[in-house]
K.L.:
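The structure under discussion is supplied below as structure tokens; questions concerning it will follow.
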There are 2 protein chains.
Amino acid sequence: MSDKAPTSPVSRERSREIKRLSVILAARQARRLSRVDLAEMTGLSAATVTALVRELVAEGYLIERGPGAPTTGRPREMLEFNPRAELVAAVSLEPPRISCEIADSEGAVIAHRVARLGANVVETVCEFVLDLVGDNLPSLRGVAIAVPGVSSNGAVRLAPSVGLVEAWPIGESVQRRLGVPVVVDNDVNLMAAGECVAGAGADVANLLLIHVADGIGAGLVLDGKVRRGASGAAGEVGFLPLGGATERRYSGVGEFEARWSVNAIAERVVALNPGRRPESPVRELSRLAATSAPARDYLDEVLGAWAGLILSCACVVDPGLVLLSGAAAELDDPALDQLQTLVSARTPAPTEVRRATLGDQAVLHGAISYALSAAVPRPSLP
Amino acid sequence: MSDKAPTSPVSRERSREIKRLSVILAARQARRLSRVDLAEMTGLSAATVTALVRELVAEGYLIERGPGAPTTGRPREMLEFNPRAELVAAVSLEPPRISCEIADSEGAVIAHRVARLGANVVETVCEFVLDLVGDNLPSLRGVAIAVPGVSSNGAVRLAPSVGLVEAWPIGESVQRRLGVPVVVDNDVNLMAAGECVAGAGADVANLLLIHVADGIGAGLVLDGKVRRGASGAAGEVGFLPLGGATERRYSGVGEFEARWSVNAIAERVVALNPGRRPESPVRELSRLAATSAPARDYLDEVLGAWAGLILSCACVVDPGLVLLSGAAAELDDPALDQLQTLVSARTPAPTEVRRATLGDQAVLHGAISYALSAAVPRPSLP
DNA sequence: AGAATTTTTTCTCACTAGGAAGAAAGTGTG
DNA sequence: CACACTTTCTTCCTAGTGAGAAAAAATTCT
């Protein structure tokens, strides 16, 4: 919340914004609808909707698509929401790389670029975004920047597993340069947001996404809102004190993730089945477990540990749904069923376990969701 | 969100509600202020504020209190918010007892009653509220009902530690009878809300309250909002899998709370210092630890376990602040400092530990906060 | 071909929020 | 003590407005 003086919540400017936003949100959700539908969905009168639609058609938000299905009476003039009217830039900082995609509000990528991350991140981000968006700059609604570490108030403190980069408030700098809202967050948080709006969690308002890669992190969506934390450290589940009380001091690598991340699993799989390190260690472990008792036993240990992690989170926030991402999504069906059984036996409330479905697209959809939310003017009331 | 058709977000009725609420919220927050102050705080024009203040004075929300401090120019006419204009009923179901308090929006109790809980809870609640509120019924803004178990969508499933009572949607029934908003929630959630608005957490938007009594439960306030959970089971931290992997099935009593609740501590304190069971086992343990090595060792164990609990919660939601309630609030200063040190050493983000301050009043303030929030008409936008 | 139905557009008007002007109620100054 | 100045509060005025109602449009039905 800005410190600036509040403007009137009932001013003409504010009413205008609210009406437009009502119609845009309804159209974005429905995709294809008539003026009658818009009136029903927003509560605005038919006269008011007519005037707003005229404006939004002129601006390219809505496209007239001809008559609707034949019924008795004047046929409806069908309108279609134009996702190209709203573009979003999704930037991923993955040292030493940076990638940038321009997508419309449905997730269709219209331009992208990958390059090495140089010294001046702000300059690079602005250059990429402006270059990729080109003539469509007036349609750019916002920028979301994904980083592989904890963000706090727009400052970035990258995860130890990928090396350190100095922290600085890049969000503010980029926002000043580009003139649109810019949001910076942890990539696992963006994944959780993406799965919630367009993936395996599109049917719920609460979910926990567990991402297993070099580290183990979690993203939480609680009542439709991503949980970042008081210092931006929500979801640091790699540090949960599970599986024995070696009370180490906070050292940057969690005791849980040291034992149960994909690297640890890969080492053990190579020990069980000498040869090259598999590309998908969890998939390989699931495969070996079908025929090898030691592999079977180890898989049981991994599932037990992950079930403990899920139980810890369920006790604290009761998400109702857990999505498995990264290497965790590579469990085969029997292993997934076993994990579900372990979780169901111990959690105080029903907790379903599913695989995340968006894969690499999760961050993009999360970025779109963030950027569009950030572009919404907030009401003055709490 | 109700299924009913939305009403226009810019209708005259809606604008009127928004203006009134802006002024009421500003006055409630400031307590004593002028029309100029109201205009600044709300963004409304001086003319609009004058009209609204006239209404609210007539209705008893605001009281004119004479000129403000002398300055050059026309003196301000100071207005005072009248907490008696908003009454709240706070009901506690503590089988076999029921208590009911009527309080104003500042927490001053104007009437209360305690009785045995009979078979017909809805009837009893309505009778108590109506009786206690008397002629002030027009000022009743809402009712909050605290229950010592998990609530889910207004249905109550009481905690095993106090015996089972059949579940039923009492919130809806009471709301239908009394005609004001009724909210039902777990008493620990209400404590957390209370400490956040009027207690030890009044300066933050995020906190975790740990309540140690017969059971161990937690209340979470995240970004100013109480976290209930997808099934109402957030904060069931008694079931966290800490301190050794006895993977019991969910049995109604958490493995953690079985070992570290006040009953377990009381038994151990009696073993360490034979005699009658102390009224405050945690205080007694702190006292004994000053002179007895075995007591010292046991206190270290308890603090270690509670630190593990706090660490688990901090990893998941990063609350930034932890409040100790119930028996946990009885730790003496050295023990509290020790707990803080243990927590600081292990959490990935700064996490301060404080005692809760409201004691028995926490539930009341939480109920007030809930009931006043429930009375606020919501904007149609998400 | 005309009636009926439904949707969209236009018309009308009571209401309104805020800018501006005026009134009120002080303090400061000569 | 009278007048000027300053600040607050109230009243006046008006351009804008959201929705109800009426009219127009565009179909299907008989």
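Residue numbering restarts at 1 for every chain, and letters A, B, ... go by the order of the sequence lines.
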K.L.:
Does B:N206 use its side chain to pair, donor to acceptor, with the backbone of B:L222 at less than 3.5 Å?
P.N.:
no

K.L.:
Which comes earlier along DNA chain C counting from the 5' end, the contact point of A:R12 or that of A:D37, where each point is its nearest nucleotide?
P.N.:
A:D37

K.L.:
Quick one: do A:R16 and B:V10 satisfy side chain to side chain contact (heavy atoms under 4.5 Å, CB included)? Show the steps, please.
P.N.:
CA-CA 9 Å; A:R16 184 179 152 74; B:V10 292; over 6 Å; no

K.L.:
In whole Å, I'd like the distance from the CZ atom of A:R54 to the P atom of C:dT9.
P.N.:
6 Å

K.L.:
For the pair A:E59 and A:R20, find out whether any cationic side-chain nitrogen is under 4.0 Å from an anionic carboxylate oxygen.
P.N.:
yes

K.L.:
Mind checking if A:R16 touches a base, just sugar-phosphate, or nothing, with heavy atoms under 4.0 Å?
P.N.:
nothing

K.L.:
When you measure from the side-chain N and O atoms of B:S8 to the phosphate of D:dA19, is any distance below 4.0 Å, counting only OP1 and OP2?
P.N.:
yes

K.L.:
Nearest-Å distance, CZ (A:R76) to C1' (C:dT9)?
P.N.:
16 Å

K.L.:
Could you check how far CG of A:L38 sits from P of D:dA19, rounded to whole Å?
P.N.:
14 Å

K.L.:
Rounded to whole angstroms, how far apart are CG on A:L52 and P on D:dG16?
P.N.:
17 Å

K.L.:
If you assign each of A:R35 and A:V10 to its closest nucleotide in DNA chain C, which residue comes earlier from the 5' end?
P.N.:
A:R35

K.L.:
In B/S/- notation, 5' to 3', how is nucleotides 20-30 of chain C contacted by protein heavy atoms closer than 4.0 Å?
P.N.:
---BBBBSS--

K.L.:
Are any side-chain N or O atoms of B:D104 and backbone N or O atoms of B:G107, one a donor and one an acceptor, separated by less than 3.5 Å?
P.N.:
yes

K.L.:
Please report the end-to-end axis angle for the helix from C:dA1-D:dT30 to C:dG30-D:dC1, five pairs per end, rounded to 10 degrees.
P.N.:
10°

K.L.:
Hey, does the side chain of A:E77 reach the backbone of A:S34 with a donor-acceptor pair shorter than 3.5 angstrom?
P.N.:
no

K.L.:
Quick one: is A:T50 getting a side-chain N or O under 4.0 Å of the C:dT8 phosphate, OP1 or OP2?
P.N.:
no

K.L.:
So, does A:E195 use its side chain to make a donor-acceptor pair with the main chain of A:L358 at under 3.5 Å?
P.N.:
yes

K.L.:
Determine yes or no for a side-chain-to-main-chain donor-acceptor pair under 3.5 angstrom, with A:T48 supplying the side chain and A:L44 the backbone.
P.N.:
no

K.L.:
Can you tell me how far P of D:dT17 sits from CD of A:E17, to the nearest Å?
P.N.:
14 Å

K.L.:
Could you give the CD-to-C1' distance, from A:E13 to C:dA17, as a whole number of Å?
P.N.:
10 Å

K.L.:
Give a yes or no on whether the backbone of A:V109 and the side-chain of A:E101 come within a donor-acceptor separation of less than 3.5 Å.
P.N.:
no

K.L.:
Would you say B:S369's side chain and B:H365's backbone share a donor-acceptor pair under 3.5 angstrom?
P.N.:
no

K.L.:
For A:E77 and D:dT27, give me the distance from atom CD to atom C1', rounded to whole Å.
P.N.:
13 Å

K.L.:
When the distance from CZ of A:R14 to P of D:dT17 is rounded to whole Å, what number comes out?
P.N.:
16 Å

